[in-house]
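Let me begin by presenting the structure, written as structure tokens, before commenting on it.
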Protein chains: 2
Amino acid sequence: MRPTIKSVAAVAGVSTATVSYVLSGRSGKDGSRSGSGVAPATVLRVQEAALALGYRPNQSARAIRTGRTNLLMLSLTMISDPWALDVSRAVGTAAAQRGITPMILADTDWRVALKRQNADVTFIDGAEEPGDAELLAQAARLQRLVVFSDTMEPEGFDVVRPVAGSSCDQAVDHLTGRHHRVGCLISSTHSTSTLDIRFGAYTRGLARAGLDYRDDYVETYDRDGLSAFDAALRLLQRADRPTAIYATTDFAAIAAIHAAQRLQLRIPGDVEVLGIGNTTEGERMTPSLTTVGPEGFFDGLAAFLLDRAENPDGPAGILEFPWKLIVRDSAPSV
Amino acid sequence: MRPTIKSVAAVAGVSTATVSYVLSGRSGKDGSRSGSGVAPATVLRVQEAALALGYRPNQSARAIRTGRTNLLMLSLTMISDPWALDVSRAVGTAAAQRGITPMILADTDWRVALKRQNADVTFIDGAEEPGDAELLAQAARLQRLVVFSDTMEPEGFDVVRPVAGSSCDQAVDHLTGRHHRVGCLISSTHSTSTLDIRFGAYTRGLARAGLDYRDDYVETYDRDGLSAFDAALRLLQRADRPTAIYATTDFAAIAAIHAAQRLQLRIPGDVEVLGIGNTTEGERMTPSLTTVGPEGFFDGLAAFLLDRAENPDGPAGILEFPWKLIVRDSAPSV
DNA sequence: CTGTTAGCGCATTCAG
DNA sequence: CTGAATGCGCTAACAG
């Protein structure tokens with residue numbers, strides 16, 4: 001049988017209340033709050049008893065009393081995406097110091113995350129469908145929610161969103177400036193509104209540069225890791241292959257670079273590649289990835305999530321990150 | 001205020017017990033177990049009340065009563081490793097149908113997973129240090145544990161392990177058969193005992209082939225994704241670069257292929273590459289990866305974990321998977 | 001056959 | 001330092 005606070009109390013010869021005080025640290029000389037203060041000898045006896053029995057507080061029981069689980073849930077639709085990895089890493093680092101454990105719900109519809117509501121705060125990456133807002137608003141009445149979305153407004157839940165500004169347009173101009181054959185990789189899972197920001201910049205940019213829009217220069221990829229690679233291969237194996245590729249995520253851009261290298265094409269000599277998201281993998285790969293995105297985003301997001309986890313009752317807000325074009329080696333300036 | 005079973009009962013005009021019966025499905029005509037059976041009209045009223053209030057059962061309260069959380073925890077030391085992604089995907093698929101939610105504890109020491117024991121079963125990938133067994137055995141008294149380990153024996157916790165046999169030796173022979181310059185990529189985080197199986201095969205294989213062991217043909221990589229890429233670059237940028245690379249994980253082998261392609265080397269023409277783990281990413285990439293590993297491992301592991309989650313009280317056992325050499329395009333047969 | 005009462009499980013925390 | 005109440009849902013035993 002698993003040891004409970006009661007067995008510890010019995011062994012130490014004290015009440016369960018005392019055990020609770022000792023084990024949750026409200027025992028020391030400073031005795032934060034009124035009234036507490038357990039004799040050092042008792043503290044020792046309790047600690048020994050707990051150790052001897054191998055006692056661990058039952059998290060469920062604790063949660064039922066305190067209303068806090070010290071869990072932070074990340075619902076990430078594609079865990080192999082470097083963007084998701086960055087989120088995970090940043091949150092993991094920030095949470096470690098605060099006694100909060102981040103858990104990842106991977107590759108699942110976020111709707112299931114809403115049912116299983118046992119985290120102090122839940123982060124949802126990418127909900128854009130029209131009907132989603134209502135679902136989220138309803139779920140937000142029962143749990144703290146932070147939603148990454150290009151288009152939504154807070155409704156009980158917090159919203160984290162990019163401020164694209166003209167960054168995507170600049171990015172496309174960056175490519176059309178020296179290239180007439182500019183291909184595009186778009187995600188099949190992004191909603192139309194997200195695509196409006198990312199893909200719309202592509203079509204508008206072509207028009208601005210006086211280039212024709214060509215269906216066959218646009219390839220679609222989906223969640224699957226190899227799907228983006230294959231999409232890029234299709235683009236690059238054409239006789240009149242694009243000499244520049246605009247990808248709507250860093251993930252796809254990185255896959256495109258690998259695909260190009262597999263075909264023995266040089267980056268940026270033979271093909272230039274540009275992504276969106278400013279992930280660390282893109283920053284640190286060789287060649288480094290030219291991208292559109294915010295700076296300091298992941299740490300900022302992590303801090304925001306931890307704040308929400310610790311103050312679950314504050315008002316819902318918006319966390320905005322301005323995007324800009326970040327020029328690196330895969331599509332350099334000159 | 002969050003709706004509880006009590007508020008639902010009040011709205012529906014019944015007792016909390018009835019609500020519980022209805023919502024946990026013990027209401028229908030079959031009424032598994034004695035006594036139960038709620039009138040259809042009542043069922044409807046309760047369901048409507050629950051819906052109207054947006055009621056969700058409190059998972060903590062439920063867990064405290066039933067002793068089950070319906071959570072399955074995966075402690076994965078490197079989430080970007082395709083091996084970990086395969087584990088996650090397989091478990092996610094298998095768990096979805098059974099009302100169990102898999103959660104990932106990423107990039108953390110598994111010791112923290114043991115403290116936060118709120119899952120029906122916890123999977124730990126890679127614990128090999130001598131002192132670990134004792135820690136795990138102790139933790140296993142409080143929670144169901146499944147440990148992936150080359151070397152450990154069950155001690156209250158289950159063990160999942162490969163049976164390497166001569167597969168790694170065959171793999172090295174496969175390379176030394178046509179190559180005199182065979183490099184090696186080894187993980188800095190694997191324990192010495194794991195390395196004995198994987199790395200020992202390399203040194204023994206060189207000896208068998210009459211080749212000298214060279215320090216400078218062995219490069220080390222660590223957890224970091226780019227680290228393996230850089231290690232491979234170092235190997236491949238030598239004047240007398242290896243013409244074959246034996247990597248101790250698929251992860252490193254894939255990075256090596258990317259590194260080679262970046263240097264415009266052909267796989268397998270200029271460099272042959274071989275990994276360990278038999279991941280789906282290796283299988284499906286271009287060129288497909290020659291590797292050492294089990295077949296059907298991930299689904300087998302997933303089934304094993306779900307079984308443990310559902311029968312937490314069974315005896316601890318061993319799940320073994322025989323490894324074999326799987327020849328594909330990155331290091332073909334002829 | 002239908003529904004209720006009452007107690008349980010664990011840790012927390014206020015009032016003494 | 002302790003007694004006792006508290007939070008939420010489950011379920012055995014019982015009553016209509």
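Each chain gets a letter, A, B and so on, in the order the sequences are listed, and its residues count up from 1. Since we're looking at a predicted model, the values are computed, not measured. Every heavy atom of this structure was used, including side-chain atoms; hydrogens, water molecules and symmetry mates were not.
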Exercise. OP1 or OP2 of C:dA11 less than 4.0 angstrom from a side-chain nitrogen or oxygen of A:Tyr55, does that happen here?
Worked result: yes
Exercise. Heavy atoms under 4.0 Å, any strand shown: does A:Arg2 hit a base, just sugar-phosphate, or nothing?
Worked result: nothing
Exercise. Does the ring centre of A:Trp83 sit less than 6.0 Å away from the ring centre of A:Phe148?
Worked result: yes
Exercise. Across the strands shown, which category fits B:Val14 at heavy-atom distances under 4.0 angstrom: base, sugar-phosphate, nothing?
Worked result: sugar-phosphate
For this session: Side chain of A:Ile64 only, please: which of C:dT5, C:dC8, D:dC8 is the nearest?
Result: D:dC8
Problem set entry | Spacing between B:Ile5 atom CD1 and C:dG7 atom P, to the nearest angstrom | 18 Å
Seminar exercise, completed: With the side chain defined as heavy atoms from C-beta on, B:Thr4 is closest, among D:dC10, D:dG9, C:dT12, to D:dG9
For this session: Please report, rounded to the nearest Å, how far the P atom of D:dG7 is from the CZ atom of B:Arg56.
Result: 23 Å
Exercise. How long is the line joining CG of A:Asn118 and P of D:dG9, in whole Å?
Worked result: 13 Å
For this session: Check every strand shown and say whether B:Thr42 touches a base, only sugar-phosphate, or nothing at a heavy-atom separation below 4.0 Å.
Result: sugar-phosphate
Exercise. Just how far, in rounded Å, is C1' of C:dT4 from NZ of B:Lys6?
Worked result: 15 Å
Problem set entry | Gap between atoms CD and C1', on B:Gln59 and D:dG7 respectively (whole Å) | 16 Å
For this session: Determine, stepwise, if the pair A:Thr69 / A:Asn118 fulfils side-chain hydrogen bond (donor to acceptor under 3.5 Å, both in side chains).
Result: CA-CA 7 Å; A:Thr69 58; A:Asn118 38 18; over 6 Å; no
Problem set entry | Nearest to side-chain heavy atoms of A:Arg65, which nucleotide of C:dA11, D:dG9, D:dG3 | C:dA11
Exercise. Ignoring hydrogens and angles, are the base of C:dC1 and the side chain of B:Tyr21 linked by a donor-acceptor pair under 3.5 Å?
Worked result: no
For this session: Say whether, by atom type as modelled, one donor and one acceptor occur between the side chain of A:Ser20 and the main chain of A:Thr16 under 3.5 angstrom.
Result: no
Problem set entry | Between D:dC8 (C1') and A:Arg68 (CZ): distance, integer Å | 19 Å
Problem set entry | Closest listed nucleotide, where the reference is the side chain of B:Thr16 and the choices are C:dT4, D:dA4, D:dC10 | D:dC10
Exercise. For the pair made of CG in A:Leu23 and C1' in C:dA11, what is the distance, rounded to whole Å?
Worked result: 11 Å
Seminar exercise, completed: Smallest heavy-atom separation, A:Ala309 atom then A:Ile100 atom, equals CB-CD1, 3.9 Å
Problem set entry | Presence of B:Arg62 side-chain N/O under 4.0 Å of D:dC10 phosphate oxygens OP1/OP2 | yes
For this session: Start with the C-alpha gap between B:Asp81 and B:Arg223, add the side-chain angles, then the distance that decides, and say whether salt bridge (Lys or Arg N to Asp or Glu O under 4.0 Å) holds.
Result: CA-CA 9 Å; B:Asp81 185 323; B:Arg223 263 191 185 61; over 6 Å; no
Exercise. Looking at the side chain of B:Asn58, which of C:dA11, D:dT11, D:dG9 is the nearest nucleotide?
Worked result: D:dG9
Exercise. OP1, OP2 of C:dT4 versus side-chain N and O of B:Thr18: anything below 4.0 Å?
Worked result: yes
